Student: 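Take a look at this one; I'll ask things after.
What you see is a predicted model, and the numbers here were worked out from it, not measured in a lab.
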Amino acid sequence: VEVVESGGGSVQAGGSLTLSCTIYGLKFKDLAMGWFRQAPGKEREAISCLNYGAFYSVYADSVRGRFTTSRDNAENTFYLQMNSVKAEDTAIYYCAANRYPRCYDDEWFASSQYATWGQGIQVTVSS
């Protein structure tokens, strides 16, 4: 299995950025996908989950209304559209493949729900 993340970098507060995650060697279309992030000195935080068919998504309070996830199952690629970014969004962002097709409301945020992880990509928001 190979995971390729791209799209990170620096952006000014209030701006936008899109992260991409392509996974090879996995039944991508049959699995829910999640995004996590880890800011300096903080624990890793789950920020979103999108189910296998992209008809259900869930977000952390910290990003709801600003970030949007989507997927292209034909291209094995998962996206995170980040709008109205803030300085506190600065972190390393990780994509992860869930063990299951769906994002379960009481479990989607747990790292143990995800079996395959990207290497992480830096996003820095300057104010």
Side-chain angles (χ1 to χ4, degrees):
V1 178
E2 182 182 6
V3 182
V4 180
E5 295 187 40
S6 62
S10 297
V11 60
Q12 288 193 332
S16 298
L17 200 65
T18 301
L19 305 183
S20 300
C21 172
T22 301
I23 301 182
Y24 305 96
L26 200 64
K27 292 185 178 180
F28 180 87
K29 66 180 180 62
D30 294 333
L31 299 173
M33 295 294 299
W35 286 100
F36 288 71
R37 68 184 182 185
Q38 187 166 18
K42 295 187 177 181
E43 293 188 356
R44 186 164 54 187
E45 172 193 18
I47 59 173
S48 72
C49 183
L50 179 66
N51 75 353
Y52 70 101
F55 54 83
Y56 178 77
S57 59
V58 60
Y59 298 90
D61 291 344
S62 57
V63 304
R64 187 179 299 114
R66 300 187 298 119
F67 291 9
T68 303
T69 59
S70 60
R71 63 191 296 161
D72 183 342
N73 285 345
E75 297 294 331
N76 283 16
T77 301
F78 179 52
Y79 303 96
L80 180 68
Q81 174 68 44
M82 306 167 60
N83 296 329
S84 303
V85 296
K86 306 175 182 180
E88 51 263 43
D89 294 323
T90 294
I92 297 174
Y93 284 72
Y94 301 88
C95 66
N98 201 295
R99 299 178 187 274
Y100 307 105
R102 299 179 184 271
C103 308
Y104 296 102
D105 287 343
D106 58 346
E107 296 177 330
W108 72 269
F109 45 83
S111 297
S112 59
Q113 290 291 106
Y114 301 83
T116 301
W117 293 80
Q119 75 281 6
I121 192 164
Q122 179 70 45
V123 172
T124 302
V125 181
S126 58
S127 55

Student: Among the clusters formed by ILVMFWY side chains lying less than 4.5 Å apart, do Leu19 and Val3 turn up in the same one?
Tutor: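 The answer is yes; both residues are in one hydrophobic cluster.
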
Student: Between Trp108 and Gln113, is the side-chain contact (heavy atoms from CB on, under 4.5 Å) condition met? List the steps.
Tutor: CA-CA 7 Å; Trp108 72 269; Gln113 290 291 106; over 6 Å; no

Student: For a side-chain contact (heavy atoms from CB on, under 4.5 Å) check, start with the C-alpha distance between Met33 and Phe28, then their side-chain angles and the critical distance, and finish with the verdict.
Tutor: CA-CA 9 Å; Met33 295 294 299; Phe28 180 87; 3.9 Å; yes

Student: Please name the pair of heavy atoms, one in Gly8 and one in Val123, separated by the smallest distance, quoted to 0.1 Å.
Tutor: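 The answer is CA-CG2, 4.3 Å.
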
Student: Hey, what do you get for OG1 (Thr116) to CZ (Arg99), rounding to the nearest 0.5 Å?
Tutor: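 Reported value, rounded in 0.5 Å steps: 8.0 Å.
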
Student: Measuring only between side-chain heavy atoms, which start at C-beta, is Thr69 closer than 4.5 Å to Phe67?
Tutor: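 A side-chain contact is absent here, since even the closest heavy-atom pair is not under 4.5 Å.
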
Student: So, for Gly118 and Glu5, which heavy atoms are closest and what is the spacing to 0.1 Å?
Tutor: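 Closest heavy-atom pair between Gly118 and Glu5: CA-OE2, 3.0 Å.
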
Student: Regarding Thr22 and Thr77, is there a side-chain donor-to-acceptor distance under 3.5 Å anywhere?
Tutor: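 Yes - a donor-acceptor pair under 3.5 Å links their side chains.
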
Student: To the closest 0.5 Å, what do you measure between CD1 (Ile47) and CZ (Arg37)?
Tutor: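 The CD1 atom of Ile47 sits 5.5 Å away from the CZ atom of Arg37.
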
Student: I'd like to know if Asp61 pairs up with Arg64 as an ion pair, taking the criterion as any Lys NZ or Arg NE/NH1/NH2 lying under 4.0 Å from an Asp or Glu carboxylate oxygen.
Tutor: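 Looking at Asp61 and Arg64, the cut-off is met.
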
Student: For Ala60 versus Ala46, what's the shortest heavy-atom pair and its separation?
Tutor: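 Ala60 and Ala46 have their closest heavy atoms at CB-O, 3.5 Å.
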
Student: Starting at OG of Ser20, measure out to CZ of Arg71 and round the result to the nearest 0.5 Å.
Tutor: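 Those atoms lie 13.5 Å apart.
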
Student: Are Gln119 and Cys95 close enough, and set up right, to give a side-chain contact (heavy atoms from CB on, under 4.5 Å), and what steps lead you there?
Tutor: CA-CA 8 Å; Gln119 75 281 6; Cys95 66; over 6 Å; no

Student: Identify whether Tyr59 and Val125 are in the same connected component of the hydrophobic contact network (ILVMFWY, side-chain heavy atoms under 4.5 Å).
Tutor: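 Both belong to a single hydrophobic cluster.
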
Student: When clusters are formed by joining ILVMFWY residues with side-chain heavy atoms under 4.5 Å apart, either directly or through shared neighbours, do Val63 and Met82 land in the same one?
Tutor: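 Yes, because Val63 and Met82 connect within a single hydrophobic cluster, where side-chain heavy atoms sit under 4.5 Å apart.
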
Student: Considering all heavy atoms of both residues, which atom of Ser84 and which atom of Ser16 are nearest to each other, and what is their separation?
Tutor: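 Smallest interatomic distance, heavy atoms only, reads N-OG, 4.4 Å.
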
Student: Would a hydrophobic clustering, with Ile, Leu, Val, Met, Phe, Trp and Tyr connected at side-chain separations under 4.5 Å, put Phe109 with Tyr52?
Tutor: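 As far as the 4.5 Å side-chain criterion goes, Tyr52 and Phe109 are connected within one cluster.
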
Student: Between Ser57 and Leu50, what is the shortest heavy-atom contact and its length?
Tutor: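 Taking Ser57 first and Leu50 second, the nearest heavy atoms are CB-CD1, 3.7 Å.
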
Student: Rounded to the nearest 0.5 Å, what separation is found between the OG atom of Ser112 and the CD atom of Glu107?
Tutor: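 Ser112 OG to Glu107 CD: 7.5 Å, rounded to 0.5 Å.
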
Student: Hey, is CD on Gln12 packed in by over 12 heavy atoms from elsewhere, all under 6.0 Å?
Tutor: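 Incorrect, the count does not exceed 12.
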
Student: For Trp35 and Phe78: C-alpha separation, side-chain torsions, deciding distance, then whether side-chain contact (heavy atoms from CB on, under 4.5 Å) applies.
Tutor: CA-CA 9 Å; Trp35 286 100; Phe78 179 52; 2.8 Å; yes

Student: Quick check on the 6.0 Å ring-centre criterion: do Tyr114 and Phe36 meet it?
Tutor: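 When the ring centroids of Tyr114 and Phe36 are compared, they turn out to be within the sub-6.0 Å range.
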
Student: Would you say the side-chain atoms of Tyr56 and Asp105 include a donor-acceptor pair closer than 3.5 Å?
Tutor: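 A donor-acceptor contact under 3.5 Å links the two side chains.
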
Student: Under a single-linkage definition using a 4.5 Å side-chain heavy-atom cutoff for Ile, Leu, Val, Met, Phe, Trp and Tyr, are Phe55 and Val58 assigned to the same hydrophobic cluster?
Tutor: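 Shared cluster, yes.
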
Student: Examine the side chains of Thr18 and Gln81 and answer whether a donor and an acceptor come within less than 3.5 Å of each other.
Tutor: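 The criterion, which ignores hydrogens and geometry beyond distance, is satisfied for Gln81 and Thr18.
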
Student: Shortest non-hydrogen contact from Leu31 to Asn98?
Tutor: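 Closest approach of Leu31 to Asn98, heavy atoms only: CD2-O, 3.5 Å.
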
Student: More than 12 foreign heavy atoms under 6.0 Å from CZ of Arg66: is that the case here?
Tutor: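 Counting neighbours around CZ of Arg66, more than 12 heavy atoms of other residues, nucleotides or ligands fall under 6.0 Å, so yes.
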
Student: How many angstroms lie between CG in Leu80 and CD1 in Ile121, if you round to the nearest 0.5 Å?
Tutor: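 Going from CG on Leu80 over to CD1 on Ile121, the span is 11.0 Å.
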
Student: Can you find a heavy atom in the side chain of Lys29 that is under 4.5 Å from one in the side chain of Asn76?
Tutor: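 No, every pair of side-chain atoms sits at 4.5 Å or beyond.
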
Student: Between CD1 of Ile23 and CH2 of Trp117, what distance do you get to the nearest 0.5 Å?
Tutor: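 Atom-to-atom, Ile23:CD1 and Trp117:CH2 are 11.0 Å apart.
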
